[in-house]
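Here is the structure we will look at, set down as structure tokens.
This chain uses plain numbering: 1 for the first residue, then up along the sequence. Atoms within each ligand, like the ligands themselves, are counted from 1 in listed order.
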Amino acid sequence: MQLDIESLKFTLHNTDLQSKARAGTIVTDHGTIETPIFMPVGTVASVKGVHQKELREEVNPDIILGNTYHLFLRPKTEILKKAGGLHKFMGWDRNILTDSGGYQVYSLSGNRKIKEEGVKFKSHIDGSMHLFTPENVMEIQRVIGADIIMAFDECTPYPCEYNYAKRSMHMTHRWLDRCINHLEKTPFEYDYAQTFFPIVQGSTYKDLRRQSAEYIANAGAEGNAIGGLSVGEPAEEMYGMTEVVCEILPEDKPRYLMGVGTPINILENIALGIDMFDCVMPTRNARNGMLFTAHGTINIKNKKWEDDFSPIDEMGTTFVDREYSKAYLRHLFAANEYLGKQIATIHNLGFYMWLVREARKHIIAGDFRPWKDTMVKQMDKRL
Ligand code: PRF
């Protein structure tokens with residue numbers, strides 16, 4: 001099954017000589033995305049705790065992520081259609097990517113049933129029953145109106161028995177054909193284009209990963225994703241799978257590694273040829289008081305910060321890093337103030353954006369590999 005819609009332009013500017021890292025740009029109707037990129041997660045049309053103004057002006061990502069599963073249940077497709085799509089609904093005029101629901105439904109474990117037709121699941125909001133199929137998920141994503149929309153797949157758990165992984169991968173491939181077939185019959189909902197990315201699966205088995213990457217590459221999409229990783233396997237195993245898949249996915253198309261990861265995971269996967277990332281880690285961990293910095297991680301709830309009046313992050317790129325002290329932020333967490341979670345979230349997102357932008361600069365300058373090795377050592381500490 002082949003796709004023949006071209007609605008996204010990817011230009012590769014530099015490839016690192018000592019690794020597979022790449023610097024590129026993606027252009028869509030909602031602007032330019034410089035790669036490698038990290039996409040902050042805005043599951044329910046909100047990057048939790050961050051105003052769109054702060055997101056735009058301080059964190060400044062070219063693209064954010066939304067979730068089909070959550071948006072379908074609330075506010076529901078009908079409201080998003082009336083609003084004129086997710087961009088208008090949430091007041092975000094840059095790029096958006098929506099995940100298909102494959103992963104979110106899989107996370108419901110006891111409350112879903114996977115069949116060839118699709119996935120039957122129980123809403124975590126009101127217990128109502130729903131069916132996601134490759135076809136209706138494409139229709140829902142047309143109405144949500146993200147710039148990049150994802151195939152409906154099954155994300156296998158870890159560990160996963162070989163035969164299950166193989167059967168599941170083949171079903172994901174059949175679902176991909178159904179997604180493409182249906183998309184071709186479903187016009188864009190709004191006055192801008194959408195680009196579809198298929199997803200490689202195959203658990204932690206190299207032969208399955210190769211087979212899946214070949215199938216996905218054959219679809220001829222404008223970008224490709226890798227799913228089923230960062231689900232509990234050791235990091236080395238994840239890197240091994242990324243490496244095998246990147247050898248097969250076309251070089252002239254962006255590669256998106258779904259749901260990854262720690263700052264170290266991101267740098268290691270950039271070195272293997274990944275261009276796009278998303279993860280709840282910077283936002284979720286921020287709400288628990290965990291801060292990422294270039295010198296390691298901080299648990300701001302720790303008593304050791306009680307009288308540390310130094311800025312949150314001397315090297316930080318957002319206003320919160322300079323304007324507030326560690327002692328103040330620790331106090332906000334101790335007093336369970338909303339503001340603490342908001343400040344920590346802006347800090348962490350600012351740090352993730354800084355990290356991928358620095359990576360890009362070093363890829364272009366030609367010294368990515370030594371910079372990455374130093375950063376990985378530095379960030380692997382608890383402060
Ligand atoms: N599939 C989809 N979304 C995802 C994943 C996947 O496998 C993952 C796995 N890390 C995160 N998000 N559709």
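A salt bridge links Asp373 to Arg369: one of the charged nitrogens lies within less than 4.0 Å of a carboxylate oxygen. Salt bridge annotation for Glu268-Lys372: present, with a cationic side-chain nitrogen under 4.0 angstrom from a carboxylate oxygen. The pair Glu78-Lys81 does not meet the salt-bridge criterion, since no charged nitrogen lies less than 4.0 angstrom from a carboxylate oxygen. With respect to Arg22 and Asp275, a salt bridge is recorded, a charged nitrogen being found less than 4.0 Å from a carboxylate O.
Residue Ser230 has no nitrogen or oxygen atom sitting less than 3.5 Å from a nitrogen or oxygen atom of ligand 1, judged on distance alone. When only interatomic distances are considered, the shortest N/O to N/O separation between Gly102 and ligand 1 does not fall below 3.5 Å. Below 3.5 Å of separation, one finds an N or O of Met258 facing an N or O of ligand 1.
The protein heavy-atom contact nearest to atom 8 (C) of ligand 1 is Tyr103 CD1, 3.5 Å. Closest to atom 10 (N) of ligand 1, if we only count protein heavy atoms, is Leu229 O, 2.5 Å. What sits closest to atom 7 (O) of ligand 1 on the protein, heavy atoms only, is Gly228 N, 2.7 Å.
Contact annotation: for Met150 versus ligand 1, there are no heavy atoms closer than 4.0 Å. Counting heavy atoms closer than 4.0 Å to ligand 1, residue Val260 contributes nothing at all. With a heavy-atom cut-off of 4.0 Å, Asp153 touches ligand 1 through its side chain alone.
The aromatic rings of Trp371 and Phe368 sit tilted, their planes meeting at an angle between 30° and 60°.
Short contacts between ligand 1 and Gly227, defined as distances under 4.0 Å to a heavy atom of the residue, involve ligand atoms 6 (C), 7 (O). Less than 4.0 angstrom separates some heavy atom of Ser100 from each of these atoms of ligand 1: 13 (N). Every atom of ligand 1 is numbered from 1 in the order shown, and the set under 4.0 Å from a heavy atom of Asp99 is 2 (C), 3 (N), 4 (C), 12 (N), 13 (N). Against a heavy-atom cut-off of under 4.0 Å, Gln201 is close to the following atoms of ligand 1: 1 (N), 6 (C), 7 (O). Each of the following atoms of ligand 1 lies closer than 4.0 Å to a heavy atom of Ile199: 13 (N).
The stretch residues 264-305 participates, sequence neighbours left out, in these ring pair (Phe, Tyr, Trp, His ring centres under 6.0 Å) pairs: Phe292-Tyr352.
A donor and an acceptor atom, one from each side chain of Asp207 and Tyr162, are located under 3.5 Å apart. If you check the side chains of Glu154 and Tyr164, you find a donor sitting under 3.5 Å from an acceptor.
With Glu135 as the partner, the salt bridge (charged side-chain N to carboxylate O under 4.0 Å, His left out) test is satisfied by one option alone out of Arg178, Lys185, Arg142: Arg178.
Annotation for Glu116: atom CD counts as buried by contact number, over 12 foreign heavy atoms lying within 6.0 Å.
Using 4.0 Å as the threshold, Gln104 has no heavy atom nearer than that to any atom of ligand 1.
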